[in-house]
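Worksheet: one structure, shown below.
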Amino acid sequence: MHKIQVEDKEFEIFLENETINKRIRLMGIQMNVDYEKKCPLFIGVLNGSFLFLADLIKEVDIPCEVAFMRVASYEGTSSSGQVKELIGLPENIEGRDIIVVEDIVDTGLTLTYILKTIKEKNPASVKVASLLLKPSALKYEMEDLAYIGFEIPNEFVVGYGLDYNGLGRNLIDIYRATGA
Ligand code: 5GP
């Protein structure tokens with residue numbers, strides 16, 4: 001089993017880049033159908049979503065726009081339960097079809113806050129695309145979660161944009177903590 005070390009933690013291979021890309025290709029195809037004749041605005045939630053959004057957008061061939069925003073809410077390996085401020089949400093989203101792009105939905109706290117803030121600005125529609133979802137960790141109702149890459153167990157993962165204390169975002173595969 002392919003294992004790596006990031007700081008003090010050991011991780012093992014979980015989702016290979018090829019598997020991730022195959023899934024993303026299908027998500028893009030679905031969006032091309034769902035948003036035909038529309039021009040969605042993708043809003044990536046930084047930092048974790050940057051690789052996912054970059055690869056996803058290459059599979060989307062309808063007209064679309066891309067923006068990024070940030071929310072700080074997480075430290076170490078467990079959710080702090082505290083969401084701070086939204087930074088950089090595009091101004092003019094009234095009447096737009098928004099696709100919020102997340103790396104991972106854990107408890108759903110971050111996303112609940114983001115969706116509430118976005119909906120206050122009267123977009124035409126809001127859907128969420130998340131590469132990963134931990135269904136057993138979800139604490140909030142998530143009816144807008146339209147596109148899920150992979151449902152995963154409630155374990156800490158790193159790689160493909162996701163970090164452990166700032167490290168590991170550059171790994172092309174996704175790894176999970178071994179618990180060692
Ligand atoms: P939530 O608010 O849904 O509990 O947490 C969402 C955020 O927590 C994600 O955007 C991500 O930054 C972080 N997060 C949750 N689970 C993991 C994980 O397994 N690995 C990493 N690297 N970050 C995670």
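Just so you know, ligand 1 is whichever comes first in the structure, and atom 1 is the first atom listed for that ligand.
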- prompt: Counting from 1, what ligand 1 atoms have a heavy atom of Thr110 closer than 4.0 Å?
  reply: 1 (P), 2 (O), 5 (O), 6 (C)
Sub-3.5 Å N/O-N/O distance, Leu111 and ligand 1: no
task: Considering the heavy atoms of Asp163, write down every atom of ligand 1 situated less than 4.0 Å from one of them.
output: 21 (C), 22 (N)
query: Side chains of Asn122 and Glu94: donor-acceptor distance under 3.5 Å anywhere?
result: no
query: Which atoms of ligand 1 are found less than 4.0 Å from any heavy atom of Thr107?
result: 1 (P), 2 (O), 3 (O), 4 (O)
field: Ile99, Val45, Leu145 screened by side chain to side chain contact (heavy atoms under 4.5 Å, CB included) with Val128, the one that passes
entry: Leu145
Donor-acceptor pair, side chain of Arg176 and main chain of Glu155, under 3.5 angstrom: no
task: Please indicate whether any nitrogen or oxygen in Lys134 is less than 3.5 Å from any nitrogen or oxygen in ligand 1.
output: yes
task: Using a 4.0 Å heavy-atom threshold (strictly under), name the region of Val158 that reaches ligand 1: side chain, backbone, both or neither.
output: neither
- request: Run the numbers for me: atoms of ligand 1, each under 4.0 Å from some heavy atom of Leu162, listed by number.
  value: 21 (C), 22 (N), 23 (N)
- prompt: Mind checking what makes side-chain contact (heavy atoms from CB on, under 4.5 Å) contact with Ser125, not counting sequence neighbours?
  reply: Asp97
statement: Applying ring-ring contact (aromatic ring centres under 6.0 Å, His included) to Tyr175 and not counting sequence neighbours gives His2
message: For a quick check under 3.5 Å, do Tyr147 and Asp34 share a side-chain donor-acceptor pair by atom type?
response: yes
message: Has Arg96 got a side-chain atom pairing as donor or acceptor with Cys39's backbone, closer than 3.5 angstrom?
response: yes
- request: Pick whichever of Gly48, Gly168, Gly108 has a heavy atom sitting closest to atom 3 (O) of ligand 1.
  value: Gly108
query: Distance only, no hydrogens: is a donor on one side chain within 3.5 Å (strictly under) of an acceptor on the other, for Thr178 and Glu10?
result: yes
task: Check Glu155 against ligand 1 and report side chain, backbone, both or neither, counting heavy atoms closer than 4.0 Å.
output: backbone
- request: Identify, by atom number and element, the atoms of ligand 1 in contact range of Glu102, meaning under 4.0 Å from any of its heavy atoms.
  value: 10 (O)
task: Give a yes/no verdict on whether any heavy atom in Tyr164 is under 4.0 Å from an atom of ligand 1.
output: no
